[in-house]
Amino acid sequence: MSLATRCPACGTAFRVQSMQLAAHSGTVRCGKCGSLFNGVAALVEEGDERLALEPSPQLGLFDPSRRPEPAVADGEIPDFLAHEPAPRRWLWGGMALIAVAFLALQAGHRYRAELAAAWPSMRAPLQAVCRPLGCEVPLPRRPELMSIDASELQADARRSGLIVLNAVIRNRAPFPQDYPALELTLTDEADRPVLRRVLRPRDYLEAGRAGELLPQGIGGGAEATLRVLLDASRARATGYRLYLFYPA
(Lines give C-alpha, C1' and ligand atoms only; values in the text may rest on other atoms or scores of the structure.)
Protein backbone atom coordinates (compact mmCIF):
# COMPACT_ATOMS: atom_id res chain seq x y z
CA MET A 1 0.00 0.00 0.00
CA SER A 2 1.37 3.41 -1.07
CA LEU A 3 1.14 6.39 1.29
CA ALA A 4 2.30 10.00 1.17
CA THR A 5 4.22 11.79 3.90
CA ARG A 6 5.64 15.32 4.19
CA CYS A 7 9.02 16.36 5.60
CA PRO A 8 8.35 18.86 8.41
CA ALA A 9 11.76 20.50 7.82
CA CYS A 10 11.53 21.44 4.16
CA GLY A 11 7.87 20.65 3.31
CA THR A 12 8.72 18.13 0.57
CA ALA A 13 6.18 15.31 0.16
CA PHE A 14 7.17 11.74 -0.60
CA ARG A 15 5.45 8.51 -1.53
CA VAL A 16 6.30 5.58 0.76
CA GLN A 17 5.15 2.01 1.19
CA SER A 18 3.44 0.99 4.42
CA MET A 19 5.84 -1.96 4.70
CA GLN A 20 8.76 0.48 4.58
CA LEU A 21 7.29 2.50 7.41
CA ALA A 22 6.71 -0.62 9.47
CA ALA A 23 10.24 -1.92 8.84
CA HIS A 24 11.88 1.14 10.48
CA SER A 25 9.26 2.01 13.10
CA GLY A 26 7.95 4.80 10.85
CA THR A 27 11.30 6.64 10.59
CA VAL A 28 12.15 8.01 7.14
CA ARG A 29 14.80 10.36 5.72
CA CYS A 30 13.92 13.30 3.56
CA GLY A 31 15.28 12.81 0.06
CA LYS A 32 15.77 16.55 -0.32
CA CYS A 33 17.20 17.91 2.91
CA GLY A 34 18.29 14.64 4.52
CA SER A 35 16.31 15.19 7.78
CA LEU A 36 15.00 12.20 9.71
CA PHE A 37 11.36 12.38 10.79
CA ASN A 38 8.39 10.21 11.75
CA GLY A 39 6.72 9.37 8.44
CA VAL A 40 3.57 8.06 10.10
CA ALA A 41 2.98 11.27 12.04
CA ALA A 42 3.56 13.33 8.87
CA LEU A 43 1.17 11.42 6.56
CA VAL A 44 -0.81 13.65 4.15
CA GLU A 45 -3.79 13.25 1.81
CA GLU A 46 -2.72 12.25 -1.73
CA GLY A 47 -5.69 14.13 -3.21
CA ASP A 48 -4.13 17.49 -2.36
CA GLU A 49 -3.38 19.18 -5.73
CA ARG A 50 -0.53 21.17 -4.19
CA LEU A 51 1.25 17.93 -3.32
CA ALA A 52 4.37 17.32 -5.48
CA LEU A 53 5.59 13.80 -4.74
CA GLU A 54 9.28 12.96 -4.80
CA PRO A 55 10.84 9.44 -5.00
CA SER A 56 10.57 7.33 -1.90
CA PRO A 57 12.92 8.67 0.76
CA GLN A 58 13.06 5.27 2.45
CA LEU A 59 15.50 4.07 -0.22
CA GLY A 60 18.01 6.63 0.98
CA LEU A 61 17.52 6.02 4.73
CA PHE A 62 20.78 4.08 4.93
CA ASP A 63 22.37 5.44 1.75
CA PRO A 64 26.17 5.25 2.17
CA SER A 65 26.49 8.59 0.41
CA ARG A 66 24.57 10.24 3.29
CA ARG A 67 26.77 8.82 6.07
CA PRO A 68 28.47 11.41 8.26
CA GLU A 69 32.12 12.12 7.59
CA PRO A 70 34.40 9.69 9.49
CA ALA A 71 36.08 11.05 12.60
CA VAL A 72 39.49 10.08 11.26
CA ALA A 73 40.90 9.65 7.80
CA ASP A 74 41.16 6.15 6.35
CA GLY A 75 44.24 4.32 7.58
CA GLU A 76 44.72 6.77 10.48
CA ILE A 77 44.58 5.35 14.04
CA PRO A 78 42.76 7.40 16.69
CA ASP A 79 44.88 8.73 19.53
CA PHE A 80 43.14 6.62 22.16
CA LEU A 81 43.90 3.44 20.19
CA ALA A 82 47.49 4.31 19.45
CA HIS A 83 50.12 2.40 21.46
CA GLU A 84 53.47 3.63 22.51
CA PRO A 85 56.21 2.12 20.37
CA ALA A 86 57.63 -1.00 21.98
CA PRO A 87 61.25 -0.71 23.17
CA ARG A 88 63.78 -2.42 20.99
CA ARG A 89 64.57 -6.00 21.92
CA TRP A 90 68.27 -5.35 22.12
CA LEU A 91 67.66 -2.75 24.84
CA TRP A 92 65.74 -5.24 26.99
CA GLY A 93 68.39 -7.87 26.34
CA GLY A 94 71.19 -5.51 27.35
CA MET A 95 69.39 -4.51 30.54
CA ALA A 96 68.80 -8.18 31.40
CA LEU A 97 72.48 -9.00 30.90
CA ILE A 98 73.54 -6.09 33.10
CA ALA A 99 71.13 -7.22 35.84
CA VAL A 100 72.42 -10.83 35.66
CA ALA A 101 76.03 -9.63 35.80
CA PHE A 102 75.28 -7.41 38.81
CA LEU A 103 73.58 -10.30 40.66
CA ALA A 104 76.49 -12.60 39.86
CA LEU A 105 78.99 -10.06 41.23
CA GLN A 106 76.91 -9.56 44.34
CA ALA A 107 76.63 -13.32 44.93
CA GLY A 108 80.35 -13.75 44.28
CA HIS A 109 81.18 -11.04 46.83
CA ARG A 110 78.80 -12.50 49.42
CA TYR A 111 80.00 -16.11 49.05
CA ARG A 112 83.62 -15.44 48.05
CA ALA A 113 84.95 -17.44 51.01
CA GLU A 114 82.76 -20.44 50.17
CA LEU A 115 83.72 -20.24 46.48
CA ALA A 116 87.41 -20.16 47.34
CA ALA A 117 86.93 -23.13 49.69
CA ALA A 118 85.05 -25.21 47.11
CA TRP A 119 87.43 -24.32 44.27
CA PRO A 120 90.87 -23.45 45.69
CA SER A 121 92.06 -22.40 42.22
CA MET A 122 89.59 -19.48 42.38
CA ARG A 123 91.17 -17.94 45.46
CA ALA A 124 93.85 -16.07 43.53
CA PRO A 125 91.41 -14.59 40.93
CA LEU A 126 88.99 -13.63 43.69
CA GLN A 127 91.76 -11.92 45.63
CA ALA A 128 92.80 -10.05 42.47
CA VAL A 129 89.22 -8.80 42.02
CA CYS A 130 88.86 -7.88 45.70
CA ARG A 131 92.12 -6.00 45.99
CA PRO A 132 91.05 -2.83 44.10
CA LEU A 133 87.67 -2.95 45.84
CA GLY A 134 89.25 -2.96 49.29
CA CYS A 135 87.81 -6.35 50.27
CA GLU A 136 89.44 -9.63 51.21
CA VAL A 137 88.78 -13.29 50.55
CA PRO A 138 88.60 -14.70 54.09
CA LEU A 139 89.20 -18.32 54.90
CA PRO A 140 86.09 -20.37 55.69
CA ARG A 141 84.92 -20.56 59.29
CA ARG A 142 83.04 -23.79 59.98
CA PRO A 143 83.37 -24.48 63.72
CA GLU A 144 81.42 -27.74 63.41
CA LEU A 145 84.29 -29.03 61.24
CA MET A 146 86.95 -28.02 63.78
CA SER A 147 87.81 -29.92 66.95
CA ILE A 148 90.27 -29.96 69.84
CA ASP A 149 91.81 -33.40 69.59
CA ALA A 150 93.98 -33.10 72.69
CA SER A 151 94.69 -30.59 75.44
CA GLU A 152 96.73 -30.48 78.62
CA LEU A 153 97.18 -27.83 81.32
CA GLN A 154 100.09 -28.11 83.75
CA ALA A 155 102.22 -25.91 85.96
CA ASP A 156 105.51 -24.61 84.65
CA ALA A 157 108.22 -26.35 86.66
CA ARG A 158 110.71 -23.55 86.13
CA ARG A 159 108.53 -20.51 86.89
CA SER A 160 106.14 -20.27 89.82
CA GLY A 161 102.60 -19.09 89.11
CA LEU A 162 102.75 -19.90 85.39
CA ILE A 163 100.82 -22.66 83.70
CA VAL A 164 101.35 -24.18 80.26
CA LEU A 165 98.51 -25.01 77.92
CA ASN A 166 99.21 -27.56 75.20
CA ALA A 167 96.52 -28.37 72.66
CA VAL A 168 96.00 -29.83 69.20
CA ILE A 169 93.38 -28.27 66.89
CA ARG A 170 92.24 -30.40 63.95
CA ASN A 171 90.52 -29.18 60.81
CA ARG A 172 88.20 -31.99 59.69
CA ALA A 173 87.09 -30.11 56.56
CA PRO A 174 88.60 -30.97 53.14
CA PHE A 175 89.51 -27.29 52.65
CA PRO A 176 91.66 -24.82 54.65
CA GLN A 177 89.97 -22.94 57.48
CA ASP A 178 90.77 -19.90 59.53
CA TYR A 179 92.43 -20.34 62.91
CA PRO A 180 89.73 -20.28 65.62
CA ALA A 181 89.73 -18.42 68.90
CA LEU A 182 90.00 -20.43 72.12
CA GLU A 183 88.28 -19.80 75.43
CA LEU A 184 90.10 -21.18 78.45
CA THR A 185 88.22 -21.32 81.76
CA LEU A 186 90.00 -22.28 85.00
CA THR A 187 87.77 -23.88 87.64
CA ASP A 188 88.00 -24.62 91.37
CA GLU A 189 87.20 -27.83 93.30
CA ALA A 190 83.44 -27.25 92.77
CA ASP A 191 83.93 -26.73 89.00
CA ARG A 192 83.16 -23.04 89.39
CA PRO A 193 85.01 -20.67 87.03
CA VAL A 194 87.73 -18.65 88.72
CA LEU A 195 89.48 -17.30 85.62
CA ARG A 196 88.43 -17.02 82.00
CA ARG A 197 90.58 -15.93 79.11
CA VAL A 198 90.02 -15.74 75.36
CA LEU A 199 93.02 -16.60 73.20
CA ARG A 200 93.09 -15.14 69.71
CA PRO A 201 95.14 -16.86 66.99
CA ARG A 202 97.95 -14.32 67.43
CA ASP A 203 98.02 -15.22 71.15
CA TYR A 204 98.79 -18.90 70.60
CA LEU A 205 100.67 -18.95 67.27
CA GLU A 206 104.42 -18.56 67.18
CA ALA A 207 105.15 -14.85 67.36
CA GLY A 208 107.65 -14.96 64.51
CA ARG A 209 105.36 -16.97 62.18
CA ALA A 210 101.90 -15.57 62.91
CA GLY A 211 102.00 -13.26 59.87
CA GLU A 212 102.86 -16.24 57.66
CA LEU A 213 100.46 -18.80 59.16
CA LEU A 214 97.31 -16.70 59.48
CA PRO A 215 96.71 -16.18 55.72
CA GLN A 216 97.21 -19.91 55.10
CA GLY A 217 94.94 -21.15 57.89
CA ILE A 218 94.78 -24.77 58.95
CA GLY A 219 94.91 -26.98 55.87
CA GLY A 220 92.16 -29.43 55.03
CA GLY A 221 92.49 -32.52 57.25
CA ALA A 222 95.51 -30.97 58.97
CA GLU A 223 96.16 -30.05 62.59
CA ALA A 224 97.78 -27.19 64.48
CA THR A 225 99.74 -27.67 67.70
CA LEU A 226 99.89 -24.83 70.21
CA ARG A 227 101.71 -24.11 73.45
CA VAL A 228 100.74 -21.08 75.56
CA LEU A 229 102.13 -19.77 78.86
CA LEU A 230 99.55 -18.20 81.20
CA ASP A 231 99.84 -16.39 84.51
CA ALA A 232 97.58 -18.11 87.05
CA SER A 233 99.24 -16.88 90.23
CA ARG A 234 96.05 -15.10 91.42
CA ALA A 235 93.73 -18.03 90.75
CA ARG A 236 93.49 -21.19 92.79
CA ALA A 237 92.43 -23.52 90.03
CA THR A 238 92.18 -27.28 90.05
CA GLY A 239 90.58 -27.84 86.63
CA TYR A 240 89.89 -26.21 83.31
CA ARG A 241 87.57 -26.14 80.29
CA LEU A 242 88.64 -25.34 76.75
CA TYR A 243 86.59 -24.83 73.63
CA LEU A 244 87.05 -23.17 70.27
CA PHE A 245 84.83 -20.67 68.43
CA TYR A 246 84.85 -18.02 65.75
CA PRO A 247 84.10 -14.46 66.92
CA ALA A 248 81.12 -12.82 65.24
Side-chain angles (χ1 to χ4, degrees), residues 107-188 191-248:
H109 179 268
R110 171 64 179 81
Y111 299 103
R112 59 190 186 278
E114 289 77 3
L115 290 173
W119 295 281
S121 60
M122 291 186 62
R123 176 170 293 277
L126 287 171
Q127 288 175 336
V129 173
C130 273
R131 195 171 295 113
L133 299 177
C135 65
E136 297 180 352
V137 183
L139 291 167
R141 293 183 169 189
R142 299 283 298 278
E144 71 276 10
L145 297 179
M146 302 287 284
S147 61
I148 299 175
D149 278 8
S151 66
E152 180 186 26
L153 189 68
Q154 58 185 7
D156 189 342
R158 294 174 299 176
R159 285 166 289 188
S160 176
L162 293 181
I163 56 177
V164 182
L165 172 66
N166 295 291
V168 177
I169 304 173
R170 178 173 296 278
N171 177 17
R172 295 183 287 107
F175 46 81
Q177 292 207 78
D178 198 8
Y179 282 91
L182 300 174
E183 182 179 280
L184 174 64
T185 303
L186 302 181
T187 59
D188 59 13
D191 199 31
R192 292 174 300 192
V194 295
L195 180 65
R196 180 177 288 113
R197 182 173 177 183
V198 173
L199 302 174
R200 307 283 180 174
R202 288 190 178 276
D203 296 329
Y204 61 76
L205 291 177
E206 295 181 38
R209 298 189 60 199
E212 172 192 352
L213 296 174
L214 281 175
Q216 300 175 4
I218 305 176
E223 61 183 31
T225 302
L226 61 94
R227 177 183 175 86
V228 185
L229 288 174
L230 301 170
D231 183 4
S233 58
R234 293 178 295 177
R236 296 181 180 181
T238 58
Y240 74 98
R241 293 194 293 267
L242 181 68
Y243 80 94
L244 60 82
F245 68 99
Y246 285 109

### Query
Between Thr185 and Tyr243, do the side chains contain an N or O donor and an N or O acceptor separated by less than 3.5 Å?
no
### Task
Say whether, by atom type as modelled, one donor and one acceptor occur between the side chain of Arg227 and the main chain of Tyr204 under 3.5 angstrom.
no
### Task
Looking only at non-hydrogen atoms, find the nearest pair between Pro215 and Ala210 and report the distance.
CD-O, 4.4 Å
### Message
Checking the side chain of Asp178 only, and the main-chain atoms of Leu139 only, is there a donor and an acceptor separated by less than 3.5 Å?
### Response
no
### Query
Can we say Asp203 and Arg200 salt-bridge, meaning some charged N sits less than 4.0 Å from an Asp/Glu carboxylate O?
no
#### Entry: Atom pair CD1 (Ile169) and CE (Met146), whose distance is rounded to the nearest 0.5 Å
6.0 Å
### Task
Tell me, with the steps shown, if Arg197 and Leu230 meet side chain to side chain contact (heavy atoms under 4.5 Å, CB included).
CA-CA 9 Å; Arg197 182 173 177 183; Leu230 301 170; 2.9 Å; yes
### Task
Go through the steps for Leu244 and Ile148 under the test side chain to side chain contact (heavy atoms under 4.5 Å, CB included), then give the verdict.
CA-CA 8 Å; Leu244 60 82; Ile148 299 175; 3.7 Å; yes
### Summary
Correct closest heavy-atom pair for Gln216 and Pro176 would be O-CB, 3.9 Å
#### Entry: Arg202 versus Gly211, closest heavy-atom pair with distance
NH1-N, 4.3 Å
### Pairwise side-chain contact, Leu214 with Leu205, heavy-atom cut-off 4.5 Å (strictly under)
yes
### Query
Roughly how far, to the nearest 0.5 Å, is CZ of Arg236 from OG1 of Thr187?
15.5 Å
### Query
To the nearest 0.5 Å, what is the distance between CG (Asp156) and CG (Leu162)?
5.5 Å
### Task
Compare all side-chain heavy atoms of Phe245 with those of Pro180 and state whether any distance is below 4.5 angstrom.
no
### Any donor-acceptor N/O pair, Thr238 side chain to Asp188 backbone, under 3.5 Å
yes
#### Entry: Distance in Å, Thr225 OG1 paired with Arg170 CZ, rounded so as to fall on 0.5 Å steps
9.0 Å
### Task
To the nearest 0.5 Å, tell me how far Asp231 CG sits from Arg159 CZ.
11.0 Å
### Query
So, does Gln177 use its side chain to make a donor-acceptor pair with the main chain of Arg142 at under 3.5 Å?
yes
### Query
Hey, which of Val168, Leu199, Leu182 is the one that makes side chain to side chain contact (heavy atoms under 4.5 Å, CB included) with Leu226?
Leu182
### Message
So which atom in Tyr240 and which in Ser151 form the shortest heavy-atom distance, rounded to 0.1 Å?
### Response
OH-OG, 3.0 Å
### Inter-residue atom distance Tyr179.OH - Leu213.CG, 0.5 Å rounding
4.5 Å
### Query
Heavy atoms, side chains only, cut-off 4.5 Å: are Pro143 and Leu145 in contact?
no
### Main-chain N/O of Ile218 paired with Asn171 side-chain donor or acceptor, under 3.5 Å
yes
